Protein chains: 2
Amino acid sequence: MPATIRDVAHASGVHISTVSRTFSAPHLVNAETRSRVLAQAESLGYRPNRAARALITGRTHNLGLIVADIANPFFPPMIKAAEGQARLRDHHIFVADTNEDALVEEDLVRAMAKQVDGVLLCSPRMNNSLIEQLSREVPLVVVNRLVAGLPCVVMDVAQGARDAIAHLVGLGHRELALLGGPRGSWTSREIRKTATATARTADVALTVISPNPPTEDGGLAAAEQVVRAGASAVLAYNDLMAIGLIEGLDALGVAVPTGISVVGIDDIALSRRTRPKLTTVANPTSAAGRAAVDMLLQHGDDRRTTAQVMLRTELMIRDSTGPGPFAAQG
Amino acid sequence: MPATIRDVAHASGVHISTVSRTFSAPHLVNAETRSRVLAQAESLGYRPNRAARALITGRTHNLGLIVADIANPFFPPMIKAAEGQARLRDHHIFVADTNEDALVEEDLVRAMAKQVDGVLLCSPRMNNSLIEQLSREVPLVVVNRLVAGLPCVVMDVAQGARDAIAHLVGLGHRELALLGGPRGSWTSREIRKTATATARTADVALTVISPNPPTEDGGLAAAEQVVRAGASAVLAYNDLMAIGLIEGLDALGVAVPTGISVVGIDDIALSRRTRPKLTTVANPTSAAGRAAVDMLLQHGDDRRTTAQVMLRTELMIRDSTGPGPFAAQG
DNA sequence: CTCATTAATGCAAACGATTGCTGCGCTGTC
DNA sequence: GACAGCGCAGCAATCGTTTGCATTAATGAG
């Protein structure tokens with residue numbers, strides 16, 4: 001039913017190859033012919049069939065985007081940015097959600113492999129060797145994890161963790177807790193490493209509570225452990241957990257920030273709307289989405305760009321952090 | 001590089017058509033041959049090329065999903081549910097975001113038309129005649145709008161609006177305001193119609209403030225008009241606007257719910273985390289996503305199913321609504 | 001006037017699969 | 001013993017494009 005290249009060719013009295021060239025190599029066809037073909041194509045509503053084109057060119061003009069959980073507000077801005085950037089470059093995006101499951105993740109990459117020119121792997125839960133193996137089956141750009149030899153886009157989580165801890169220590173906290181994220185998360189490991197080192201340097205105690213589901217419920221469930229650990233300030237793997245934690249602490253009769261200070265990570269929209277407003281480390285998710293698409297597309301132009309991009313984070317100080325037990329008297 | 005059907009055929013010493021049938025019509029091939037082919041396919045890592053298959057069968061096993069704004073927390077749960085349901089039925093989903101723009105929307109449908117078996121049009125901003133026209137180019141299921149003759153999935157917004165207004169009137173409010181949504185939104189029009197009728201029946205005043213961007217900023221910006229209208233209770237087009245409105249009222253020195261009561265619509269996750277917690281009309285977005293996928297897929301089996309599904313909503317009474325000026329004395 | 005050069009187009013072989021038809025060998029029936 | 005019927009596999013056309021090569025006509029140089 002829809003018009004094919006043959007219909008257009010017939011309607012404009014030329015061979016299909018001329019029609020094809022009208023679109024893919026206009027300089028090879030006579031201006032007059034070209035405009036005739038264009039007119040017919042327009043009036044027939046012709047649109048090249050991408051599947052057919054992909055078959056021969058090997059490029060589908062589709063990208064895959066895999067996230068751990070699309071309902072986690074961290075991701076939508078990134079997806080949106082990626083999708084916009086892709087559209088700018090005449091590509092479409094398949095979005096898939098792994099439910100935080102490494103096996104589903106692997107399946108999805110494989111399932112997508114043949115119908116996309118590359119995959120954006122966001123916050124993968126697989127291990128590195130599997131990622132490397134998959135990267136041999138389909139071009140990959142990894143977001144939120146550093147994998148040697150692969151193009152990656154990451155946030156400078158180490159700096160973020162340092163800033164957050166410095167902020168807390170500066171406020172007079174000397175018993176800190178870290179709420180880790182899910183198993184398999186590179187970001188969670190990095191935060192932990194940096195936090196541990198920073199705490200040691202600053203000579204403050206750090207209790208690590210990990211792993212946890214990266215959700216409000218995960219934070220809520222950890223409230224009791226936080227209290228038991230005797231910490232006066234907590235750094236959470238993400239804002240969702242921080243918000244859940246605040247709620248959990250509230251239920252235990254501990255107020256934030258007067259009783260315990262809480263710092264989140266991500267700066268999701270929600271973190272500005274809660275009471276208290278959340279102190280958090282802002283991550284440039286939109287920029288990450290755009291950068292990842294760009295890398296994938298230029299990677300496709302067979303330059304072996306394995307560049308690793310690290311984006312700056314920023315500590316947003318709001319109302320969930322306050323003076324600790326060792327605060328300097330004002 | 002990746003194995004094709006030909007490689008498998010060669011490796012197992014049969015014709016490619018036998019390999020093809022091994023997958024698409026197993027009963028037509030001898031059990032022994034089949035297992036040999038399967039073994040070779042497995043060891044070569046063969047996966048049928050969907051583009052090639054689509055070319056001849058006309059079915060891509062891909063679906064399009066178009067939303068107004070993926071960063072609006074209303075959508076991700078729906079996308080997630082749709083994606084899961086699609087995967088269950090061996091389909092993948094292209095997600096696209098229109099930025100609330102009807103023109104972009106039209107473009108996207110057309111761009112997707114050839115590479116998908118159908119499109120889920122969620123909360124469209126186009127007008128009905130354009131939607132009908134597009135539905136002739138590609139199977140469509142419309143979500144959050146009723147279009148005659150087309151398969152649709154909608155929430156029972158009328159009931160939701162009635163419940164919300166009944167709740168407010170019951171609390172003793174007699175001066176209501178309605179914060180409408182964006183231009184082109186069917187839901188917004190329905191809410192307005194129902195709210196107007198319900199208010200008239202209940203003999204209470206209703207000031208309509210519309211259209212507004214369906215975002216926190218949209219709600220925030222409308223705060224002043226709400227106050228000027230002298231309303232003691234407000235029904236907002238969605239939770240985001242309700243939350244923005246509460247913030248705006250707060251800035252004007254009006255407390256919620258003591259000064260003004262606010263009801264949202266959607267019951268996004270966020271609405272349980274704000275202070276005050278938001279009274280809102282819950283929409284079954286996940287169910288809508290699944291239902292829409294099912295309709296699209298069975299619609300594809302050429303039964304002219306133009307069924308219209310209406311899903312029940314539920315008023316969640318929380319803390320943003322309280323007694324109005326005409327409340328019965330307790 | 002001839003011949004090389006160039007611009008514009010046509011021709012046909014791919015790309016990787018599906019599918020109606022044909023062909024083959026075997027079984028079982030009359 | 002001939003033949004219908006069946007199970008299984010091969011053959012080849014086809015889907016809608018792209019693209020290297022061949023062909024044609026027109027142009028310019030010598």
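So you know, we letter chains A, B, ... as the sequences are listed, proteins then strands, and number each from 1. Just so it is clear, the model here is predicted, and its values are computed rather than measured.
Running 5' to 3' along DNA chain C, contacts with non-hydrogen atoms of chain A at under 4.0 Å begin and end at dA8(C) to dG16(C).
Using a 4.0 Å heavy-atom cutoff across all strands shown, Arg6(A) reaches at least one base atom of the nucleic acid. Residue Tyr46(A) is in sugar-phosphate contact alone, with no base atom involved, counting any heavy-atom pair closer than 4.0 Å across all strands shown. When heavy atoms are screened at a 4.0 angstrom cut-off, Ser20(B) is found touching base atoms of the nucleic acid.
Checked for salt-bridge contact, Glu83(B) and Arg87(B) meet the test: a charged N lies under 4.0 Å from a carboxylate O.
Along DNA chain D, the nucleotide closest to Arg53(A) and the one closest to Leu55(B) are compared, and the more 5′ of them pairs with Leu55(B).
The environment of NE2 in His61(A) is crowded: more than 12 heavy-atom neighbours from other residues, nucleotides or ligands sit within 6.0 Å.
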> Reading nucleotides 6-11 of chain D 5' to 3', which nucleotides get B (base under 4.0 Å from a protein heavy atom), which S (sugar-phosphate only), which -?
Replying inline: --SSBB

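Spacing between atom CG of Asn49(B) and atom P of dG16(D) amounts to 16 Å, rounded to whole angstrom units. Going from atom NZ of Lys114(B) over to atom C1' of dG16(D) covers 10 Å, rounded to whole Å.
Proximity of a side-chain donor or acceptor of Asp101(B) to a complementary backbone N or O of Thr98(B) within less than 3.5 Å is not detected. Formation of a donor-acceptor pair under 3.5 Å by the Lys114(B) side chain with backbone atoms of Pro48(A) is not found in this model.
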> Should His91(A) and Asn62(A) be marked as a side-chain contact (heavy atoms from CB on, under 4.5 Å) after you check the CA-CA gap, both sets of side-chain angles, and the distance that decides it?
Replying inline: CA-CA 5 Å; His91(A) 284 247; Asn62(A) 292 150; over 6 Å; no

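Between Thr22(A) and the choices Ile5(A), Leu38(A), Leu28(A), the side chain to side chain contact (heavy atoms under 4.5 Å, CB included) rule is met once, by Leu38(A).
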